[in-house]
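Just so you know, these numbers use all the heavy atoms, side chains as well, and skip hydrogens, waters and symmetry mates. Remember, it's 1-based here, ligands and their atoms both numbered in the order they're listed. In this chain, residues are counted from 1 in sequence order.
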Amino acid sequence: MKLQENLEKVSIPFDVYKVREDFPILKTTVRGNPLVYFDNAATTQKPISVIERIRKYYEQENSNVHRGVHYLSEIATKEFEAAREQVRKFINAEFKEEIIFTRGTTEAINLVANSFGKTFIGQGDEIIISEMEHHSNIVPWQLLCEETGAKLRVIPFDDNGELILDELEKFLNERTKLISIVHVSNSLGTVNPVKKIVEIAHSYAVPVLLDGAQSIMHQKIDVQDLGCDFFVFSGHKIYGPTGIGVLYGKKDLLEKMRPYQGGGDMIKSVTFQKTTYNDLPYKFEAGTPNIEGAIGLRAAIDYLNEIGLENIAQYENELLNYATEKLSQISNLKLIGTAKSKGPILSFILENIHPHDVGTILDYEGIAVRTGHHCTQPVMEHFKIPATTRASLSFYNTKEEVDRLVQGIQKVIKVFS
Ligand code: PLP
């Protein structure tokens, strides 16, 4: 083993206070209180290295990609394609052509629904999703079903927020064309047994899309090990910029799929008689891409690699356990989402207090949480509640911040008692 590989295997001690120095925004004060940012499932904050990389791009490298023969265009193209290669390595895809840049998770799912959907799904066919999907993994399939006459089947979950997998086997049949399922639920925190789901699906020759929007920042993703056919995520949730995301798809499937959008870059030649499409991945990247986004995403991945995803997973899990224990001690508080395997997401309700009031009072304390249905209305419907308060943690959060959340909640309870 080479020295570099050896060094990568050595776990660097994780120092949260040192890590916090990398995020300028964490020094913000809100109404006189130091900011506690617990809205990481909505979007994460950006380290200085990402911010500076984007600045460098505009100061020294800005140009359009793939088209120019001039100096700047060559640099921009090289950096854009290097970002693709870095994403490939990050999720261990086999080929660079399998990495398609999109606007985010939502666009990646819409791409698959429109392209895979309109290539392979027709009247009477079935698509399986689950009851805990984000709206962006429900509505694109509903739109497809409206257009094609296909049907949606929905795997339910139990009151802990765990999928009832027996139902999946009952749904699978020769009409099933795709399973599209969330890896980690954004409102319950449940980590779904996706490897098992892929195994079951493949035994029926059904491809699987994994919505990795909430898993990619918390654990090492290896798409070949997971065996999934598609994997999607957003840059802004892994400490990168907004407006950039990734669709990973197996090459043989992507090759058979029709383009999603038409325009520049996705063609080889255009005449009024016949247009031929470009090779992968460009067939799915019509128009000028988000160049700064891809380059910023690469910087975010470099940053995560430096910290180490194993360190991140271990620290976040410790923080989740600490927060779960502390919140569980508050009477009148009920956690929504108590699966055995969870990501660092805590959704809760307080008896007789609306989550919006909880969020507003916590904001006065400088604590940023999210309240609402979190784009998972069917999850709220399951528990017969309108909304939850959600604290979602990152490796830059601390136990002291969890303590401040607990004090804040106690203040809310006092105000309403
Ligand atoms: N899927 C899940 C599980 C999410 O949590 C989110 C965003 O919160 C999305 C999809 C949509 O991501 P984006 O808005 O970045 O496209």
For salt bridge (Lys or Arg N to Asp or Glu O under 4.0 Å), just list the numbers for Arg175 and Glu126, CA-CA rounded to whole Å, side-chain angles, deciding distance to a tenth of an Å, and then say yes or no.
CA-CA 6 Å; Arg175 290 185 305 275; Glu126 295 179 359; 3.4 Å; yes
Phe80/Phe101 aromatic ring centres below 6.0 Å:
yes
Could you tell me whether Glu162 and Lys342 make a salt bridge, using a distance below 4.0 angstrom between a side-chain N and a carboxylate O?
no
Using a strict cut-off of less than 4.0 Å between a Lys/Arg side-chain nitrogen and an Asp/Glu carboxylate oxygen, indicate whether Glu85 and Lys78 qualify as a salt bridge.
no
List of N/O pairs, ligand 1 versus protein, all under 3.5 Å?
| from | atom 1 | to | atom 2 | distance (Å) |
| --- | --- | --- | --- | --- |
| ligand 1 | 1 (N) | Asp211 | OD1 | 3.3 |
| ligand 1 | 1 (N) | Asp211 | OD2 | 2.6 |
| ligand 1 | 5 (O) | Gln214 | NE2 | 2.8 |
| ligand 1 | 8 (O) | Lys237 | NZ | 2.6 |
| ligand 1 | 15 (O) | Ser234 | OG | 2.7 |
| ligand 1 | 15 (O) | His236 | NE2 | 2.8 |
| ligand 1 | 16 (O) | Thr105 | N | 3.4 |
| ligand 1 | 16 (O) | Thr106 | N | 2.9 |
| ligand 1 | 16 (O) | Thr106 | OG1 | 2.6 |

Taking the six-membered ring of Phe90 (Phe, Tyr or Trp), confirm whether the NZ or CZ of Lys220 is under 6.0 Å from its centre and within 45° of its axis.
yes
Residue set satisfying ring pair (Phe, Tyr, Trp, His ring centres under 6.0 Å) with Phe284, at least two apart, ordered chain then number -> none
